[in-house]
Structures are given as C-alpha cells and as structure tokens.
Amino acid sequence: MKENRQALNRQLAQMLKGGVIMDVTTPEQARIAEEAGACAVMALERIPADIRAAGGVSRMSDPKMIRGIQEAVSIPVMAKCRIGHIAEAQILQAIEIDYIDESEVLSPADNIYHIDKTKFDVPFVCGAKNLGEALRRIAEGATMIRTKGEPGTGDVVQAVSHIRLMQSEIRRLVSMNEDELFEAAKQLQAPYELVKYVHENGKLPVVNFAAGGVATPADAALMMQLGAEGVFVGSGIFKSGNPQKRAAAIVQAVTNYQDAKLLAELSEDLGEAMVGINEQEIELLMAERGK
Amino acid sequence: MRVAVLALQGAFIEHEQVLQELGVETFEVRQLSDWQQPKDALIIPGGESTTQVHLLSSLGLLHPIRQAILDGLPVFGTCAGLILLAKQEDGHPREGLCTMDIDVCRNAYGRQLGSFNAMGEVAGIADQLPMTFIRAPYVHRALSPDVEILSEVDGHIVAVRQRHQLATAFHPELTADHHLHQYFIQQINHPSA
C-alpha cells in the first residue's frame, strides 16, 4: 500500500512538470496565481522575504489560513512544515494538503533528523543543493526535489549553482564504471540503489524543480535551460509591482524557455521587480539548513 | 505518421516516450509556429487543466486547435486532456477546446489522498488495463448519442470515444501497458465509424 502511494505521489509531481508553483498568503493571491496559470500554490503566512525581514522562529502556517486557500482554488495546494517536525506534517496531512514542503525556509525543528516521509500518505517535496542531499531526501521518502536556492532574496545565484552542481554530479555518475558506484555512494552519503538508478537513467528518480530567488521570466527560463523541470516562485511575484502580469509572464516563460524573442516580449513592462538582497548581504543562509 | 503532442505543461514527455516505443514520430507543440507543422493526430497530456487552458489562450492556440479537431483531426486526451476536450463541467459550459459532448467533474475523487490505481476493462481495447488516477476527473454523462462509453470504474465513466476523439480520466502514459496508445494509432491509420 505505502509503495503504491509513493508511486502515486511521484506521479503527481510528474503532472506539475513544466509549471510554476507560486507562494501565496491569502485566498485572493491564490486566485490571482491560478488565473495566471500557476500549476499549484504554496500556502504560507509570510513569504520568505518577509520571514527574512521579521526574523524570529518561523513555523507551519495556521491550518485555517491554508484551508481558506484550499477552498479558493482547484489547483493543488502545498504547505510548508519545519524540517524534522513530524507533528506539523501530521497536521498538514490531516487537512489533506496535496504536497508538504519540508522546508529550510522555516526554522528547523530538528538539527539532525528529517521526517521519515515513507510513513506518510501525502507527498513531500524537499530542498537539495547537491546530489547527495537530493538522494538522501528521496531515501527518506521525498517524491519531489527542488533546489534550495536562497529564498526571499530575489537573487538567483544560489539556485543556479545548486542545479549546476546537481547536473554535473549526475553526469559524473553516468560516466562511471559500475564497480565505481559503491565508492560513489559512500562519497555522496546516499543509498547505493539510488546511486545506481541515477547512473542508469541519467536523472533523479523523482521530478526536480528550481526554487529560491527566481524573480523574472528570464530567471525562470534560465533555470529551465539548466535542466529544472519546473519552477517555484516565492517572494518574486507578490513582492513585485504588478503580480498578475509578472505571474502570467513567468508561466509562459517556463513553457517557451528557449524562445528568446518571446521572452523579450514577456519581459516588457512588468513593473518593478522585487528589490532583492544580494547573497553577500544576507546573514542567514537558509540553504545550509538540513543537509 | 507524425503525432503532435501538446507540450505547454504537464506529463507530455511520458506520451512522447510511449509513442517513440511504438515507432511513431512525435513533435512538441509549445506555440503557434509548432502547431503549423503537418500532423496526423494530437495528444493532450495530463497536467493542470487551468494552466493548460490559460496557456492555450495566451499563446493563441485555442482556436486553431479547436478548429482542427472539429475538422476531424484525431485527438487523444488524458486526464487534463479529457477536461480540455469536454463541453461541460458539472452541467455548465466550460472554457477550453470544448469539442467533445461530455459533462465532466474535475478533481472528482478529491485531493491527492484520493488518487488511486485500478484495473479495468476498456471495451474493445483491453480486458484488464492498469489505470492510474491522479487527482482525476470523471465523466458525469455523455451529451450526445455518438459518445461511446469505453470504461467505467466504480460506477463512474473514465474512458470515452466520440468518433475521432478519445479521452481517458486516467493516465495510460504512466503505465507499461500501451493498449490505448496502440488503439489510438490504429484509429489514425484506419478510422472506423
């Protein structure tokens, strides 16, 4: 039964491919996201940029607020729980969330252990900044992976380095002799079976999205060209001047990520982008949470 | 034979892989210039139907594709694809391609916890077909006598055909059984009544 759910949960992620998942904090924002063509929304009380600004401990959102968003839209609704917070995940499962993001954007609840996601029926997406992290999360039961990026900054540099690193590590595994995979598994600190899968298939066994710092249609197209199968946009949309237009433009940019002429049109007159913070200016690297 | 695969969003690569295994050439439709290539049929994949409708209309694809289907282009829609083809949703006209005389229910089994696998018969195609339902729709009812009901699971219609249009609420592109794709290709070559 559990194996069956794992497969169904991986398959839901397959249906999200080529799409944009948007952070929303109100039912109204969720409707804007849905109308703009989002393939799912992430319901949370504060978007990463505000979490960063507010500081303090950041926790799972109020279930009532999440339910409000579930009622407002027909697309899948995701929500975040803290790394290692089994009870928050159980609560999100109880309200029938479509996907749980065990997220480094919230304050970690456990400095060592992630949630054993194989014990749940609802699917989990987890962040990873390299192949080892991705495979460890998949071993724990994650059925979708995203880059960590550096959320709430509007700076895409971390997401780019995470996806580049992951892709180059995958290529390295593919080029190995079979007898070298045992040592590779040891170095990656990941289960041998998953390492072997990547060696044979040249990709992760689950869908891999880009996340963290995506703020423009060009950012989204860049991540797709680097091999992401879809994009999460957090603060980039509702921290910008014209959320409707920017959201729709990013959705189109993900579909036609190789058409520079169309991307030029999509990038016109979007109003102000989120101001953003440079990677060097931030004191808290969220990507370093949960390895 | 060349089959166009609508590649705006969703699980289009899975359909391409099945067709390639069956020796059929495919190409992706992401914008109008792709659509203008010669083609013998169209596949509309699973994904999010609201996203796909939004992209179809903003890319100017909605009307040309609708017209081509009305003119007789064979089409196969799975899950979101079935929703896009449907004329009605819960008894009301809906936005989309609206070429098939069916009334659909979206997210008919609820949220992701309601997703499931089943085995079922598809009339004239397979006795025991593995079916994967992901936040799936089903068909309330046919709106025209020429809609054939090919399969029902737990009393709900999950596969239909109306002349050159084939649609399933489940995802044959996610299982190793390719009977439905084979049937669709056969229909392109030898259209039956």
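Computed from a predicted model, the values in this text were never measured in an experiment. Quick note on labels: first sequence line is chain A, next is B, and so on, each numbered from 1.
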Measure distances from B:F12 to the heavy atoms of chain A and classify the residue's part below 4.5 Å as side chain, backbone, both or neither.
neither
Parallel under 30°, tilted from 30 to 60°, perpendicular over 60°: which one fits the rings of B:F184 and B:F76?
tilted
What are the two closest non-hydrogen atoms of A:Y257 and A:Q225, and how far apart are they?
O-NE2, 2.9 Å
Heavy-atom pairs under 4.5 Å with chain B, option from A:P123, A:A36, A:A40 with the top count:
A:A36
Answer yes if the side chains of A:T143 and A:Q6 hold a donor-acceptor pair under 3.5 Å, and no otherwise.
no
Side-chain touch A:F120/A:I86, heavy atoms, less than 4.5 angstrom
yes
Does anything in residues 92-110 of chain B get under 4.5 Å of chain A by heavy atoms, and if so which residues?
B:R106, B:N107
Which of the residues B:R135, B:E14, B:H171 is involved in the greatest number of heavy-atom pairs with chain A at under 4.5 angstrom?
B:R135
Chain B contact via A:N9 - which portion, at a heavy-atom distance below 4.5 Å
both
Assess whether atom CD of A:E28 is packed by more than 12 heavy atoms of other residues, nucleotides or ligands within 6.0 Å.
no
For B:I134 and B:Q112, run side-chain contact (heavy atoms from CB on, under 4.5 Å): C-alpha distance rounded to whole Å, both residues' side-chain angles, the deciding distance at 0.1 Å, then the answer.
CA-CA 7 Å; B:I134 309 282; B:Q112 173 61 4; 3.9 Å; yes
Could you look at A:E229 and say if it's the side chain, the backbone, both or neither that has a heavy atom under 4.5 Å from chain B?
neither
With the side chain counted from C-beta on, respond yes when B:L84 and B:L56 share a heavy-atom pair under 4.5 Å apart, and no when they do not.
yes
Under 4.5 Å from a heavy atom of chain A, the part of B:E28 involved:
neither
Contact winner vs chain A - B:P45, B:S115, B:C79, B:A80, heavy-atom pairs under 4.5 Å:
B:S115
B:R30 and A:D259: salt bridge (Lys or Arg N to Asp or Glu O under 4.0 Å), yes or no, with the steps?
CA-CA 10 Å; B:R30 291 174 185 267; A:D259 183 343; over 6 Å; no
Could you verify whether a donor N or O on one side chain and an acceptor N or O on the other, from A:N256 and A:Q252, lie under 3.5 Å apart?
no
Portion of B:L55 that has a non-hydrogen atom of chain A nearer than 4.5 angstrom
side chain
For a 4.5 angstrom cut-off between non-hydrogen side-chain atoms, does B:L8 reach B:T51?
no
